[in-house]
Amino acid sequence: MHSYLSLSQRPLPYPSSLQTEPDHRPPPSATQWVDLLRSLTQSSSHRAAISTYAAMLAAAPPDNFAFPAVLKSAAAVRDLGLGRQVHAHVLKFGHAPSVAVANTLVDMYGKCGDAAAARRVFDGISGRDDVSWNSMIATLCRFEEWEASLRFLRLMLSSRDAEPTSFTLVSAAHACSHVRGGSRLARQVHAYTLRNGVWGTYTNNALVTMYARLGRVNDAKALFEAFDDKDMVSWNTVISSLSQNDRFEEALVYLHLMIVDGVRPDGVTLASVLPACSHLERVGFGREIHCYALRNEGLIENSFVGTALIDMYCNCKQAEKGRLVFDGVLRRTVAAWNAMLAGYARNEFDDEALRLFVEMVSEEFCPNATTLSSVLPACVRCEAFFDQEGIHGYIVKRGFGSDKYVQNALMDMYARMGRIEISRMIFGRVDRRDIVSWNTMITGCVVCGCHDDALNLLHEMQRCQGEDGSEAFVDCEEGEERIPLKPNSVTLMTVLPGCASLAALGKGKEIHAYAVKQMLAMDVAVGSALVDMYAKCGCLRLARIVFDQMPVRNVITWNVLIMAYGMHGKGEEALELFRRMTTEGGSSRNVIRPNEVTYIAVFAACSHSGMVDEGLHLFHTMKARHGIEPRSDHYACLVDLLGRSGQVKEAYELINTMPSNVSKVDAWSSLLGACRIHQSVEIGEIAAKHLFDLEPNVASHYVLMSNIYSSAGLWDQAMEVRKKMKEMGVRKEPGCSWIEHGDEVHKFLAGDSSHPQSKELHEYLETLSLRMRKEGYVPDTSCVLHNVDDEEKETMLCGHSERLAIAFGLLNTPPGTTIRVAKNLRVCNDCHVATKIISKIVDRAIILRDVRRFHHFRNGTCSCGDYW
DNA sequence: CTAGGGTTAG
């Protein structure tokens, strides 16, 4: 008795598939039975083959010729029960031990998901041949046991049972693209095929895929090009290699070459090339592929094609089209559901996403890690859904807690909830952090306003280059193993807003240099972020230089620059850019259509420069010219524009004309700010009344109203508002200013004395104060809330965070250096006057950025000309 | 009797 024929299970019940009615035509002889069976298996009529086997079983005992065929069919339909039955028959009826039968058993068990059984049968084979080894090695690959598969490959070589064949090489190529040190093994495998002439389309295609998986796209391409017998699979291989390595343009080029070569794309081709259309947002091209799929037999029924189409439409902002495809998909797979869910979530159709998720679960589709990481962002944004920790529990319970995608989604979720500590904890547990793990964590910090943490992470990320598994597979030169993890364009786009926010010009310049060196500066998104960073660090000139040098610009790029000019008080220039954008669109000669944000930028620019008429004109024409319906933030800008220019009453009237479906909160808030500037107590009271009602928890409303009262000398009312604020348990955000010095950003809170130089700073401000008075400075104490004596008020003003930051800059930089300070709130009137005088006394340019705009102080004047 | 190419996510 040969051990491979032993079956470790007790006799199994007859599987249902063997109970089918036998064919009634009389099949006379045993050989005819076998012929019929084999022909059915060969023509992929597996169900029929299985019925035939059942019928045959009733007529005569099966033999070694019948087993391979029925086992192949069992494997094809993944029927493990049937496979085990046949194994039992092999034991019962098999005459002489046949290696071929055993090999087929190994293969069947592998395909039916019982790796242990496959291994048991393999171990029992005496006189193993090449097919035995190949089947076992392929089985291990199927179970993603890459190391084990390579171990068996070595065993095969040393056993001298058989020489590796092209089959062996295919598995070897597969395995070595998934292990550490794969590049070296890959070269060995490649060399082996050349040396031993183990060649053919199968091997070659496998090698192309192997190189692509290792990120060595150029090697993959070269191998493809050098191969003479390209068939459809070869073309599909190279196209998917490019697509999967983010070389989308090239993937489209190769599709074209394939067609020129006379090879007709099949479902696999489409499924490989559609992601390229999706990422490049080439919806026109994607639609052509959709038509091709509809016109050609069988393509649209392919679930891979359907899924890729759903994704393509959704990624091109056409979620409704995606839904139409989804609804037409005949056999919905989990991937199709996921694509639709992710598509909704990406377009922020959160309700639809959640509804679809519920539908998916109720139709008994089992959500996987992809599903959950797609739904999570929708849950976070969706107000109806607030039990986020509950979701986390659900995820852990279902065993998806260690999936990288899920972990990223969770990190993002907690960051958006303000629970950055939890994001950090999850980040700490991520197994092999890749670039996206890092990017997600960095984004989380930026979302939470922890900008310095984001920059620190950027450093940390580069420090752990080459460490353990935190390496990325990238295309590298011959002889190189792998290039370590390094920031990509997403990292830069994430971290640049952090620099912008911190006004960390030095760090921003460093990142700019890195971007240029890594060829990432050409990227529209990176370029736009650089323009924004320079503008927000006060360097409008550099922002403009970067803008002018960008090869491609989009709406966002233009919006950023218009916003930049507006913030720097250059309204005329901003409007000129707006005109240029809509008429010539820069170097591409394509006119760029303004969007909602463009108009926000334009109105803000008008507001900071007092260009009321221009702003009003653009407001009244935006619908007709560009089809943009004014939103609540547009109204808020307009109210700000009118109010700031002193037309408080007109601003109030504008609010009254707003359509009822547009939220008025922001508009009231703008109006209240205008009342603060122009001391309109009555209208201020109206605005405040609405705001206290609509947003009782926002501190700035109370503070503004209180300040309006105190500057009008209405101390009692001011105290009243303050009391009300206290009762509501609302706390004012503390004033905070910061300044970059060397590698650090120094922060100062109002009245704060925790800075190491605090004592020096206060002393310096005092001596400065004496000189300021000689220049005619009179403290304006109206913005000080407390009803205290004047001397104390003045001390409090000196404790304003921007003064501390400016003093720090003056004390720590050489004469003549420009001081750049940023602040989280608006600059108060007194600080504005004071800074002007300081700039004159110390003869320094001081650039002060507040929440809204820049103030360039020089020689006793401000760029805003007191219009602020 | 064993083999190559595909969809979804951050």
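Reckoned from all heavy atoms, side chains included, excluding hydrogens, waters and symmetry mates.
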Rounded to whole angstrom units, what separation is found between the CZ atom of Phe224(A) and the C1' atom of dG4(B)? 13 Å
Which nucleotide in the list dA9(B), dT8(B), dC1(B) gets nearest to the side chain of Pro68(A)? dC1(B)
Face-to-face stacking of Phe167(A) with dT2(B), centres under 5.5 angstrom, angle under 30°: yes
Looking at every strand, decide which applies to Pro377(A) at a 4.0 Å heavy-atom threshold: base, sugar-phosphate, or nothing. nothing
Nearest to the side chain of Ala342(A), heavy atoms from C-beta on, is which of dA9(B), dG10(B), dT7(B)? dA9(B)
Asn205(A) atom CG is separated from dG4(B) atom C1', nearest whole Å, by 5 Å
Starting at atom OH of Tyr405(A), determine the distance to atom C1' of dG10(B), rounded to an integer number of angstrom. 7 Å
Is there a donor N/O on one and an acceptor N/O on the other, under 3.5 Å, for the side chain of Asn302(A) and the base of dG6(B)? yes
Any non-hydrogen side-chain atom of Leu105(A) less than 4.5 Å from a side-chain atom of Phe67(A)? no
Taking the side chain of Asn103(A) as its heavy atoms from C-beta onward, which of dT8(B), dC1(B), dA9(B) lies nearest to it? dC1(B)
How many Å lie between CD on Glu301(A) and P on dG6(B), as a whole number? 22 Å
Choosing from dG4(B), dA9(B), dT2(B), which nucleotide comes nearest the side chain of Tyr202(A)? dG4(B)
Tell whether Asp231(A) reaches the base of dG4(B) with its side chain through a donor-acceptor pair below 3.5 angstrom. yes
Answer yes or no: is there a donor N or O on one side and an acceptor on the other, between the side chain of Ser149(A) and the main chain of Glu145(A), under 3.5 Å? no
Would you classify Gly200(A) as touching base, sugar-phosphate or nothing, given that sugar-phosphate means primed atoms plus P, OP1 and OP2, and contacts are heavy atoms under 4.0 Å? nothing
Donor + acceptor pair across side chains of Asn368(A), Asp403(A) (<3.5 Å): no
Grab the CH2-C1' distance between Trp199(A) and dA3(B) for me, whole Å please. 15 Å
Does a nitrogen or oxygen in the side chain of Ser240(A) sit under 4.0 Å from OP1 or OP2 of dG6(B)? yes
Which whole-number value in Å describes the distance from Arg128(A) CZ to dT2(B) P? 19 Å
Looking across every strand, which nucleic acid part, if any, lies under 4.0 Å from Thr307(A) by heavy atom: base, sugar-phosphate, or nothing? base
To the side chain of Thr201(A), which of dG4(B), dT2(B), dT8(B) is closest? dG4(B)
Ser135(A) has a side chain; which of dT7(B), dT2(B), dG6(B) sits nearest to it? dT2(B)
So what does Arg142(A) hit on the nucleic acid, given a heavy-atom distance under 4.0 Å: a base, only sugar-phosphate, or nothing? sugar-phosphate
Touch check for Met232(A), heavy atoms < 4.0 angstrom, all strands: base, sugar-phosphate only, or nothing? base
So what does Lys111(A) touch, heavy atoms closer than 4.0 Å: a base, only the sugar-phosphate, or nothing? sugar-phosphate
Taking the six-membered ring for Trp and the single ring otherwise, decide whether the centroids of Trp337(A) and Phe326(A) are under 6.0 Å apart. yes
Atom CD1 of Ile125(A) to atom P of dT2(B): distance rounded to whole Å? 14 Å
At 4.0 Å (heavy atoms only), tell me whether Asp266(A) reaches a base, stays on the sugar-phosphate, or touches nothing. base
Apply side-chain contact (heavy atoms from CB on, under 4.5 Å) to Lys230(A) and Val263(A), showing your working. CA-CA 10 Å; Lys230(A) 300 182 182 91; Val263(A) 184; over 6 Å; no
With sequence neighbours left out, what residues match Arg128(A) under salt bridge (charged side-chain N to carboxylate O under 4.0 Å, His left out)? none
Nucleotide of dG10(B), dG6(B), dG4(B) approaching Ala206(A) most closely (side-chain heavy atoms): dG4(B)
Using a 4.0 Å heavy-atom cut-off across all strands, classify Ser374(A) as base, sugar-phosphate, or nothing. sugar-phosphate
Looking only at the side chain of Lys404(A) (C-beta and beyond, no hydrogens), which of the listed nucleotides dA3(B), dG10(B), dC1(B) gets closest? dG10(B)
What contact category does Ser272(A) fall into here, base, sugar-phosphate, or nothing, at under 4.0 angstrom with non-hydrogen atoms? sugar-phosphate
Identify whether the distance between the nearest side-chain nitrogen and carboxylate oxygen of Arg119(A) and Asp114(A) falls below 4.0 Å. no
Val305(A) has a side chain; which of dG6(B), dT2(B), dG10(B) sits nearest to it? dG6(B)
Go through dC1(B), dG4(B), dA9(B) for me and flag the one nearest to the Ala100(A) side chain. dC1(B)
